[in-house]
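This report refers to the structure that appears directly beneath it.
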Amino acid sequence: MNIAFFDSRPYDLPAFKALAGQAGLDFRFYETRLGPDTASLAAGCEAVCIFVNDDASGEVIDSLYGLGVRLIALRCAGYNNVDISRAFGKIHVLHVPAYSPYSVAEHAMALLLTSIRRIHKAYIRSRDFNFSLDGLTGFQLFGKTVGVIGTGRIGRVFADICRGFGMKVIAYDKFPDESSGIEYVSLDELFGRSDVISLHCPLTEETHHIIGRETLSKLKTGVVIVNTSRGALIDAEALLEGIKQRKIGAACLDVYEEESDVFFHDFSGHIMSDDTLARLISMPNVIVTGHQAFLTEEALKSIAETTVSNIVGFMRDGRSENELCYRCGRIESCKKGSRGKCF
Ligand code: NAD
């Protein structure tokens, strides 16, 4: 099977190349992203393998289908970049539902600790032999309240890590797991009580800008916002407003609403054209990493193994437990449970 592998990065190659040989798959690695102008690169391929910022919108789905592509293998969990309702009946969509919730949750905590203990500032100072402590006063996590939005795989690991620090954990989830022992509260209560808010829900129409302009007045003054989930959960302009008002004490961002234009590329030496991102990065209390929370050896290995096994399983059996469709969330209408495939 020929597979067009879009948005390929050097760190993807070792694990995928090793597994492809064993599985008889022929990956064609393209550094460019999938989008309307690049879909034609998939000519002659039965499948495409894509990542978080590839564009599999309706127009692209139609182009891929016209080229004979019958499978989209996402090498990530989130699928907000795929028009799965347009793909239905044409192209099967598989994803990697979980690869290492620990990697993402640990990165969220790393960002939080870096921010509140000013490690990023101290690191730069000490490299210049400046050991002054002025301006480096932090605060302890012990005894503070963390509000976790989305208590799935990653949110729960993050909650466990926070408990290890002696924090009080409260949570909001659209589908709360009452047997989990987690204290679920309404979103407004979470906003009002949390010293730290960490986002771990998927990006959907409902969660788009879950932190927005109207949220600001509900937040506790000085709250630290951590986002390792998807950029558009936060309205970046509202975040800047909250920081300027001193309502938001700090922000730790591994994802950014307009990240697809900048993340995963080296813009050092260039003029940053995204003013919002430039302003965020210029703030002393904002830390940005470029969608790196997943980037551990363990996660990369696990992503490659599941992606290849999804493709091989689908070739062999015509089905995969990791298939997605727009009806999958509605158990009664999705046929995967009864027929093993969404269509
Ligand atoms: P998951 O599916 O296990 O958990 C998501 C949770 O969000 C579920 O408990 C679900 O009920 C809840 N949820 C759904 N809709 C909601 C809503 N409207 N409001 C509140 N909660 C809602 O997913 P996961 O594996 O924990 O991943 C969480 C997110 O992390 C993914 O959606 C993805 O966007 C992101 N992610 C980021 C990286 C990274 O490198 N930064 C890596 C992997 C995943």
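Indexing begins at 1, ligand by ligand and atom by atom, following the structure's order. On a predicted model such as this, the values are computed, not experimentally measured, just so you know.
Not a single salt bridge (Lys or Arg N to Asp or Glu O under 4.0 Å) links Glu258 to another residue, sequence neighbours left out. Considering only residues two or more places apart in sequence or on other chains, Lys220 meets the salt bridge (Lys or Arg N to Asp or Glu O under 4.0 Å) condition with Asp195.
Clustering of Ile, Leu, Val, Met, Phe, Trp and Tyr by side-chain heavy atoms under 4.5 Å joins Leu141 with Tyr102, Met109, Leu112, Leu113, Ile116, Phe139, Val146, Val148, Val157, Phe158, Ile161, Phe165, Met167, Val169, Val196, Val224, Val226.
Using a cut-off of 4.0 Å between Lys/Arg side-chain N and Asp/Glu carboxylate O, Arg33 and Asp54 are scored as not salt-bridged. Between Lys174 and Glu206, at least one side-chain nitrogen of the basic residue sits less than 4.0 Å from a carboxylate oxygen of the acidic one, meeting the salt-bridge criterion.
Listed by chain and number, Tyr99, Val104, Gly150, Thr151, Gly152, Arg153, Ile154, Tyr172, Asp173, Lys174, Phe175, His200, Cys201, Pro202, Thr207, Thr228, Ser229, Arg230, Asp254, His291, Ala293, Phe294 each place a non-hydrogen atom less than 4.0 angstrom from ligand 1.
Taking the ring axis of Tyr99 as reference, the NZ or CZ atom of Lys301 does not stay both within 45° of it and closer than 6.0 Å to the ring centre.
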